[in-house]
Protein chains: 2
Amino acid sequence: MTYKLQTNPRKSASQERSRSTVDALIEATTRILIKEGYDRASTNRIAEVAGVSIGSLYQYFPSKEALVAAVIDRHTQQISAVTRNALVKAAARPIEDAAREFVSVAIDAHRINPKLHGVLAEQIPRVGRLENIEANVREGYALVRAYLEAHRDEIDVADLDLTAFVLVTVVEALTHAAVLRRPDLLADEKAGRFVDDVTRLILGYLRKQ
Amino acid sequence: MTYKLQTNPRKSASQERSRSTVDALIEATTRILIKEGYDRASTNRIAEVAGVSIGSLYQYFPSKEALVAAVIDRHTQQISAVTRNALVKAAARPIEDAAREFVSVAIDAHRINPKLHGVLAEQIPRVGRLENIEANVREGYALVRAYLEAHRDEIDVADLDLTAFVLVTVVEALTHAAVLRRPDLLADEKAGRFVDDVTRLILGYLRKQ
DNA sequence: CTAAAATATAAGTTTTAGCTCGCAATAGTA
DNA sequence: TACTATTGCGAGCTAAAACTTATATTTTAG
């Protein structure tokens, strides 16, 4: 086990044939991560599941980390597409609507691929290339902060930075935990109550007394 | 790399000599986990750092997982000693005091060994023997739930279970994130503001409107 | 003092994961 | 068709980590 931190693709696939090889590899990595976790996701096994030779794997990915990074990228992009969109839309809305929207979209985001999300959340720190995740989190913060700033008059903010931190942390933690550990709280009729409750939590915190 | 899930000690150390060996091993494991992470914590290296032969290691711990489990146990016990104590003390206090106490003790608990806590939080899912952690979390829930039930008249609770979930998740996430990722929020004079803010968040959620 | 029980040692075995490399097959091009 | 570039293959190399075992040392107890 040599630890190389290189995570960039070795060569970029130009023909259709190779592009599908790359796809199969990322797909297989995702499946194995979900079903068996990071430790069992050996490059040999990934290649086997992808129906591709180990040699081909290393033609496109210089290391196991690179493969995982690719999986992370894909997932992160899906999440950020959803969330950014919603945050931008909510920018002009009053806090009652925006808060509710914020909570809803956080749930949606966690529902994109809950199992993968869980595995990644537990193991990302060990993979290089966190930059994308980091960049995304920062973007989320920035959007929330910008919202708070724009709606300063409706809100009780002593410290913008702290408030943004609290909001993002709280909503992320609650939706993450609900989707991954307490799916019963989000089943059918109950889901509404959960959203109501979290929204109330946020509004109680933001609103002027 | 064979994966055995056995995490119980092989034999219990009876002489003073062997007890200090076991101690040195747990201590070394902790240090390596903190400094280099789970992956670099090989049994050979742990034995070396502990100043003990690899043979002795396997005399008391049947696997690497067992060693990590011992570290987790120790840390968990320290945390639960602190939190249980505080929760019991707060049981009779009105929500204003109890909430503040709850937040404070959560910070204290995370400050016991922040780095170790971070590493464990990221890697626990991969180790067997989560039972202790789970048991502890459940106990925390139970105490919070009991508090809410006892103070039903001061509080706006539609769903006890949901409310306990929200409280525990929120306070754990905020203090965890603050201690590990935003220590600036807890530096000297600012710490008070953080506690105030989180307490306000909780009370806004609990209090009847 | 001595035998047995407990503890400590480290060389060495086994397993497995990451990765390379030389060669084969396929696709694009003229 | 022939020639080149791209892609695919998988046996096998290397290193390292988990773990065993035969042996040596220390402690306990009768």
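In the text below, chain A, chain B and the rest are named by the order of the sequence lines, each starting its count at 1. Computed over heavy atoms, backbone and side chain alike; hydrogens, waters and symmetry mates excluded. Keep in mind that this is a model prediction, so the values were computed, not measured.
- Using a 4.0 Å cut-off between charged nitrogen and carboxylate oxygen, A:Glu101 and A:Lys89 do not count as a salt-bridge pair.
- Shown here is B:Lys35, whose NZ atom has no more than 12 heavy atoms of other residues, nucleotides or ligands within 6.0 Å.
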Report all side-chain donor-acceptor pairs from residues 173-180 of chain B shorter than 3.5 Å, counting only partners two or more places apart or in another chain.
| unit_1 | atom_1 | unit_2 | atom_2 | d |
| --- | --- | --- | --- | --- |
| B:Thr175 | OG1 | B:His110 | ND1 | 3.2 |
| B:Thr175 | OG1 | B:Val171 | O | 2.7 |
| B:Thr175 | OG1 | B:Glu172 | O | 3.3 |

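- Taking 4.0 Å as the cut-off between side-chain N and carboxylate O, B:Glu36 and B:Arg45 count as a salt-bridged pair.
- B:Arg17 places its CZ atom 9 Å from the P atom of C:dT9, with the value rounded to the nearest Å.
- Considering A:Thr29, A:Thr43, A:Val68, A:Ile26 in turn, A:Ile26 is the only one that fulfils the side chain to side chain contact (heavy atoms under 4.5 Å, CB included) rule with A:Phe61.
- At whole-Å resolution of the value, CZ in B:Arg19 and P in C:dA8 are 11 Å apart.
- Look at CG on B:Leu67: it is 11 Å from P on D:dC19, rounded to the nearest Å.
- In this structure, the nucleotide among C:dC19, D:dC19, C:dT9 sitting nearest to the side chain of B:Ser56 is C:dT9.
- For A:Thr21, a side-chain nitrogen or oxygen approaches OP1 or OP2 of D:dG8 to under 4.0 Å.
- Per the geometry, CG belonging to B:Leu25 stands 9 Å off P belonging to C:dA8, to the nearest Å.
- Of the candidates D:dT20, D:dG8, D:dT28, D:dT20 carries the atom nearest the B:Ile54 side chain, counting heavy atoms from C-beta on.
- Checked against D:dT7, C:dG18, D:dA18, the side chain of A:Ser18 finds its nearest nucleotide in D:dT7.
- Regarding A:Phe61, its CZ atom lies at a distance of 12 Å from the P atom of D:dG8, rounded to whole Å.
- At whole-Å resolution of the value, CD in A:Gln15 and C1' in C:dT29 are 12 Å apart.
- The pair B:Asp196-B:Lys190 does not count as a salt bridge, with every side-chain nitrogen at least 4.0 angstrom from each carboxylate oxygen.
- In this structure, B:Tyr60 atom OH and D:dA18 atom P are separated by 20 Å, rounded to whole Å.
- Atom CG of A:Asp39 is separated from atom C1' of C:dT16 by 13 Å (rounded to the nearest Å).
- An OP1 or OP2 oxygen of D:dG10 is reached within less than 4.0 angstrom by no side-chain nitrogen or oxygen of A:Tyr58.
- Both A:Ser20 and B:Gly55 sit near DNA chain D, but only A:Ser20 has its closest nucleotide nearer the 5' end.
- In this structure, B:Ile79 CD1 and B:Asn113 CG are separated by 9.0 Å, a value rounded to the nearest 0.5 Å.
- Non-hydrogen atoms lying under 4.0 Å from DNA chain D are contributed by B:Thr43, B:Asn44, all within residues 43-53 of chain B.
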